[in-house]
Protein chains: 4
Amino acid sequence: MASTYSMASTSFGANSRFDRQLSRILNHATAIFCEKGYEGASIRDLSRASGLSLAGLYYYFQSKDELLYLIQKHLFTSVMERLKENLKTAADPEKRLRIFISNHLAYFLARPKAMKVLSHEDDVLKGALGAEIRTLKRQYYHCCADLVEELKLTKKLKFKSRAVVLCLFGMMNWIHTWYNPRVDGDAATVAREIGNVFLRGIYASTSGR
Amino acid sequence: MASTYSMASTSFGANSRFDRQLSRILNHATAIFCEKGYEGASIRDLSRASGLSLAGLYYYFQSKDELLYLIQKHLFTSVMERLKENLKTAADPEKRLRIFISNHLAYFLARPKAMKVLSHEDDVLKGALGAEIRTLKRQYYHCCADLVEELKLTKKLKFKSRAVVLCLFGMMNWIHTWYNPRVDGDAATVAREIGNVFLRGIYASTSGR
Amino acid sequence: MASTYSMASTSFGANSRFDRQLSRILNHATAIFCEKGYEGASIRDLSRASGLSLAGLYYYFQSKDELLYLIQKHLFTSVMERLKENLKTAADPEKRLRIFISNHLAYFLARPKAMKVLSHEDDVLKGALGAEIRTLKRQYYHCCADLVEELKLTKKLKFKSRAVVLCLFGMMNWIHTWYNPRVDGDAATVAREIGNVFLRGIYASTSGR
Amino acid sequence: MASTYSMASTSFGANSRFDRQLSRILNHATAIFCEKGYEGASIRDLSRASGLSLAGLYYYFQSKDELLYLIQKHLFTSVMERLKENLKTAADPEKRLRIFISNHLAYFLARPKAMKVLSHEDDVLKGALGAEIRTLKRQYYHCCADLVEELKLTKKLKFKSRAVVLCLFGMMNWIHTWYNPRVDGDAATVAREIGNVFLRGIYASTSGR
DNA sequence: TATGAATGAGTGTTCATTCAT
DNA sequence: TATGAATGAACACTCATTCAT
């Protein structure tokens, strides 16, 4: 599997020695943050895992905060890129929403650790770095909200959009606490199931009641 | 509001001086774990918040781990107690499932910090304490799963129970990341909405597809 | 020799266990700051010297900065106290200025390390702590400047007071770079010599030229 | 203003590319040592300030110690050179001592940062480098002491030469803690004032008392 | 000449925890 | 019941320095 962090279209882009090394480090860091949480993880853990010296790591990032920032930024950026690519193939509102769901699950079920880091360490980053991440997250949320709105208009449905969209995110994101590929099937299967519950749930709504 | 931790029916039961003090401490600890996470929180934070000395706190618990254990155990125990009480009033399967949802939300939206601690610090506890918490959690999960199964049989529905129940938990538990009483209404309102999406979603299912 | 830091009239006052220990620590810290400079000294050095554990030290102060602050504050406060006491015994302006000089030298030649720390780490402290120290220092300077002004008026002398007072401080404070009791005599001797150079120097001045 | 460090008569002499670059580096280093002290300053600070890479700097010096050595050696060497030049113009003992004072102040008030580094980091250097600097310093001290002795003999004065010379150095070197050109006038003015205090001070001495 | 990449040793500070009282 | 005093281990991070290129 190619490095998660070195895709030509992101800032980790150019496949220089530096970028490849950074991407290796970020992958290790993701795994460690997943396992122990941001606070519980130590740069020493990362040093052990990556084989670099403690001091050597700091050549690649400025602080533990920045490490988390780089990870989260990359994830939001690249899941969104893929989403945009995938959405090009469909015009039907329902299909488009199903694409959102399956894009999200395909991306994150392939990176279960990343998914956990993203939802767990949601509000850790303060200051400018945190603000940038929150902006990316809001953009991603709005992609989904817009698709739901599109569907709502087309089908003349009645429901509180905010609550409904957040329910959908709840179903999708909670998955990292239980997903087991052998029991639950692949990402497409889970996406179909969640899509079913969600779409039937909102199609049946004719009033707020 | 009576202390969350000193209800007659739990082990913190008897309203002794010890129990009342412990319950105060656990409330402070919950708030701190919520704000900073288990790893990020320090016993010194708790000392400051509670007004007790660092050493004095250890009269009430053996370790930081046990502190989290006491909190989580109490929460699962008491939400389950309330659930059992509330379920006594209804026999209709749908109504009973709606009671599960509203019981969960009423309990946890009144204790948003506790809800966050429960989902955030889900897998922190290792060893015997962790095992006990996981058992309680499984029991609670099965309460819900049984209600869904009951409904499925009655209404002759077709769906993968496991996936569907976990979707429901996802919708309910994700709520701590977005719930705002002024925007989203009270617990009963949110429970109705989540119930709607979920029940309509599964009612409409006639096959696994 | 009684501890430098536990005089009844200062804030290190009450001879409690805590205060005695703190005063021991501050004495060690003074010696270390003197030898290696503030930046060059490490809390580990202090741990070694004092026999307390690294962590144990932090029971007595909040930060390395505060350590320096405590030392400097104590020195300025107590040299000033002694000065006020000593000045009570004389009314003659020249005698009073000679008292300033001999008080300064008696105090600091008995604490050569303290003298070096005070002049070397003059501008290290930033923020509130630094401001407080600078205020104390300014007060001490003005004590001296007032005595010089008194003499200038009495004897109708002509000179730039600022330059002259700062010359006097220069002579007194530079001493830590060269003073050797066996070669240079005791504090009273040095004070007499500096007093001579200074007083004859300003008595002979009738114009700014 | 020509570089402080690349004068034909010093070892940084020949105006080669190397020497010009080294001289730039030493100027930056002086500023940084002045601002943060020797211990507090880091080679990284110097890298930032000079624009050279961390590793690149080491082409110009062997160690941080040598950096300080080069600075201090240059300062003593070149202030002494100028002194010798200036002393050629006068034969009268008093005039010659006044030349020492004004040469010292003219040189160092034009390089306030250098003056601070010289007095602050006086005893930092250990081993051979430190010994060499101490030798230069002693030579400079003796230049002054000889001039004072000359005057003492000529005018048949009585005082402890050592104490008196060190008083003079105290007045001159302490200046870096207070000198403000707008308030205190130029170097010549300050030199006259210090010369006045000092010369009148010793002229008036007819006994050690 | 100059740099990118790396390191071992050290920094100030905080941690959960203990023990005599 | 509760605390003051203390500790070993760990923390994030920076240091001066090096070496292949």
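Each chain gets a letter, A, B and so on, in the order its sequence line appears, and its residues count up from 1.
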Problem set entry | Side-chain (D/R24) to main-chain (D/S50) donor-acceptor, under 3.5 angstrom | yes
Exercise. Reading DNA chain F 5' to 3', what string of ( ), [ ], | and . shows its pairs, if Watson-Crick and G-U wobble pairs count only when both distances fall under 3.5 Å?
Worked result: .||||||||||||||||||||
Seminar exercise, completed: Rounded to whole Å, the CD1-C1' distance (C/I32 to E/dT11) equals 15 Å
Problem set entry | Whether C/D122 side chain and C/S119 backbone form a donor-acceptor pair below 3.5 Å | no
For this session: Could you check how far CZ of A/F61 sits from P of F/dT14, rounded to whole Å?
Result: 11 Å
Exercise. Where the side chain of A/Q72 meets the backbone of A/E121, is there a donor-acceptor pair that is under 3.5 Å apart?
Worked result: yes
Exercise. Between atom NZ in A/K64 and atom C1' in F/dC11, what is the gap in whole Å?
Worked result: 8 Å
For this session: To the nearest Å, give me how far apart CG (A/L68) and P (F/dA12) are.
Result: 13 Å
Problem set entry | B/E66 CD: over 12 foreign heavy atoms closer than 6.0 Å | yes
Atom pairs, protein N/O to nucleotides 1-4 of chain E N/O, distance under 3.5 Å:
unit_1	atom_1	unit_2	atom_2	d
E/dA2	OP1	D/R17	NH2	3.4
E/dA2	OP2	D/Y60	OH	2.2
E/dT3	OP2	D/S53	N	2.7
E/dT3	OP2	D/S53	OG	3.0
E/dT3	O5'	D/S53	OG	3.3

Exercise. Donor-acceptor pair, C/K113 side chain versus C/T30 backbone, under 3.5 Å?
Worked result: no
Exercise. How many angstroms lie between atom CG of A/L125 and atom CZ of A/R134, to the nearest 0.5 angstrom?
Worked result: 8.0 Å
Exercise. Can a cation-pi geometry be assigned to A/K64 and A/Y38, taking NZ or CZ under 6.0 Å from the six-membered ring centre and within 45° of the ring axis?
Worked result: yes
Exercise. Residues from residues 33-49 of chain C sitting under 4.0 Å of DNA chain E, heavy atoms only?
Worked result: C/A41, C/S42, C/I43, C/R44
Exercise. Are B/K137 and B/F76 in a cation-pi contact, defined as NZ or CZ under 6.0 Å from the six-membered ring centre and within 45° of the axis?
Worked result: no
Exercise. Of D/D45, D/V124, D/L46, D/L67, which meets side chain to side chain contact (heavy atoms under 4.5 Å, CB included) against D/F33?
Worked result: D/L67
Exercise. Is there a donor-acceptor pair closer than 3.5 Å between any side-chain N or O of B/S47 and the backbone N or O of B/I43?
Worked result: no
